[in-house]
Amino acid sequence: QVQLVESGGGSVQAGGSLRLSCAASRRTFSSGAKAWFRQAPGKEREFVATIDWGGGTTLYADSVKGRFAISGDNAKNTVYLQMNNLKPEDTAVYYCAAGLHSRTTNDYPYWGQGTQVTVSS
């Protein structure tokens with residue numbers, strides 16, 4: 001069973017930056033994709049960004065385009081989410097996922113436990 005472990009969440013003021021990391025428990029996904037989703041209280045889980053592990057193609061939600069950047073380290077089987085110019089509406093639990101290169105939660109069978117990001121105004 002693959003485990004994904006996120007780290008790097010925390011509290012920051014609006015305009016600040018955070019970098020999230022997600023490490024897989026074993027080297028499994030030489031293909032497929034890794035992604036970040038987020039879920040705010042009372043809202044559904046939503047897509048943030050994904051990266052195709054083979055070719056490096058990235059997709060972003062419109063709400064984070066130009067502020068967030070997803071990247072990966074194949075050797076470490078780790079995916080990162082650099083978040084800049086954070087806004088209060090970015091406050092959520094952020095989840096790492098592994099699966100197909102998609103914006104849809106159903107295409108990702110593996111999920112981390114989540115890490116809290118809180119942005120104050």
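Sorted by first then second residue, the disulfide (SG to SG under 2.5 Å) pairs that include residues 33-77, not counting sequence neighbours, number zero.
The salt bridge (charged side-chain N to carboxylate O under 4.0 Å, His left out) test applied to Lys65 returns Asp62, not counting sequence neighbours.
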Given Trp111 and Arg45, is the side-chain contact (heavy atoms from CB on, under 4.5 Å) satisfied, shown in steps? CA-CA 12 Å; Trp111 291 84; Arg45 192 167 299 188; 3.3 Å; yes
Could you check Lys34 against Leu81 for side-chain contact (heavy atoms from CB on, under 4.5 Å), going step by step and ending with a plain yes or no? CA-CA 11 Å; Lys34 303 269 196 314; Leu81 185 69; over 6 Å; no
Residues Tyr80, Ile51; criterion side-chain contact (heavy atoms from CB on, under 4.5 Å); working and verdict: CA-CA 10 Å; Tyr80 305 97; Ile51 183 167; over 6 Å; no
I'd like to know whether Tyr108 forms a side-chain contact (heavy atoms from CB on, under 4.5 Å) with Phe37, so could you lay out the CA-CA distance, the side-chain angles of the two residues, the decisive distance to 0.1 Å, and finally the verdict. CA-CA 10 Å; Tyr108 293 89; Phe37 289 77; 3.8 Å; yes
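Taken from OH in Tyr60 to CZ in Phe47, the straight-line distance is 9.0 Å, to the nearest 0.5 Å. Rounding to the nearest 0.5 Å places CD of Gln13 at 9.0 Å from OG of Ser121. Here Gln113 contributes atom CD and Thr115 contributes atom OG1; the two are 7.0 Å apart, rounded to the nearest 0.5 Å.
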In residues 92-102, what donor-acceptor pairs under 3.5 Å come from side-chain atoms, sequence neighbours left out?
from, atom 1, to, atom 2, distance (Å)
Tyr94, OH, Arg38, NH1, 2.9
Tyr94, OH, Asp90, O, 2.6
Ser102, OG, Thr104, N, 2.9
Ser102, OG, Asp107, OD2, 2.6

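When all heavy atoms of Leu20 and Val117 are compared, the closest pair comes out as CD2-CG2, 4.1 Å. Shortest non-hydrogen contact noted between Pro88 and Ser120 is CG-C, 4.5 Å. Arg67 approaches Leu86 most closely through the heavy-atom pair NH1-CA, 3.9 Å. Ala35 approaches Ile70 most closely through the heavy-atom pair CA-CD1, 4.3 Å. The heavy-atom pair separating Leu4 from Tyr110 by the smallest distance is CD1-O, 3.6 Å. Of all non-hydrogen atoms in Trp53 and Gly72, the two that sit nearest each other are CH2-CA, 3.6 Å.
No donor-acceptor pair closer than 3.5 Å links the side chain of Gln82 to the backbone N or O of Arg19. Counting only distance, with no hydrogens or angles, the side chain of Arg103 and the backbone of Ala49 share no donor-acceptor pair below 3.5 Å.
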